[in-house]
Amino acid sequence: MLANGQRWRVIDDSRLQIGKPLNSPPVHIAKSLFGTWTLRVKGYNTRARLEPVN
């Protein structure tokens with residue numbers, strides 16, 4: 001769950017491999033082509049496809 005209460009589910013096989021847990025990292029969620037959504041964690045060059053969880 002994000003700080004603003006939004007809930008998202010990763011719908012692809014992307015992974016973010018880091019050495020330590022991140023505590024509330026800045027993220028960017030944007031609508032992409034074909035109606036999907038992507039998430040990026042600031043400072044990392046990995047994207048994940050998302051869908052909202054209701």
Side-chain angles (χ1 to χ4, degrees):
M1 182 180 334
L2 299 179
N4 64 3
Q6 291 179 337
R7 295 177 57 114
W8 297 86
R9 177 182 8 251
V10 176
I11 58 172
D12 63 11
D13 60 354
S14 61
R15 299 272 187 242
L16 178 61
Q17 299 295 325
I18 56 172
K20 60 180 179 177
L22 299 175
N23 186 19
S24 299
V27 297
H28 178 75
I29 297 175
K31 194 162 191 163
S32 59
L33 297 176
F34 309 114
T36 62
W37 295 86
T38 58
L39 174 134
R40 294 186 75 165
V41 178
K42 185 176 181 176
Y44 295 90
N45 193 23
T46 302
R47 293 183 188 190
R49 282 189 12 204
L50 304 174
E51 67 182 9
V53 175
N54 295 337

Shortest non-hydrogen contact between [X] and [Y], atoms and distance:
X   : Y   : answer
P25 : V41 : CB-CG1, 3.9 Å
T46 : R15 : CG2-O, 3.5 Å
N45 : R40 : OD1-NH2, 3.1 Å

Could you give the distance from [atom1] ([X]) to [atom2] ([Y]), rounded to the nearest 0.5 Å?
X   : Y   : atom1 : atom2 : answer
S32 : L50 : OG    : CG    : 9.0 Å
L2  : L39 : CG    : CG    : 7.5 Å
I29 : T38 : CD1   : OG1   : 8.5 Å

Is there a chain of hydrophobic side chains (I, L, V, M, F, W, Y, each step under 4.5 Å between heavy atoms) that links I11 to V27? no

Side chain to side chain contact (heavy atoms under 4.5 Å, CB included) between E51 and T36, intermediate numbers included: CA-CA 7 Å; E51 67 182 9; T36 62; over 6 Å; no

State which residues pass side-chain hydrogen bond (donor to acceptor under 3.5 Å, both in side chains) with R49; sequence neighbours excluded, sorted by chain then number. none

So which pairs with a foot in residues 4-54 pass ring pair (Phe, Tyr, Trp, His ring centres under 6.0 Å), sequence neighbours left out? W8-W37

Does atom CG (N4) have a neighbourhood of more than 12 heavy atoms from anything else shown, all under 6.0 Å? yes

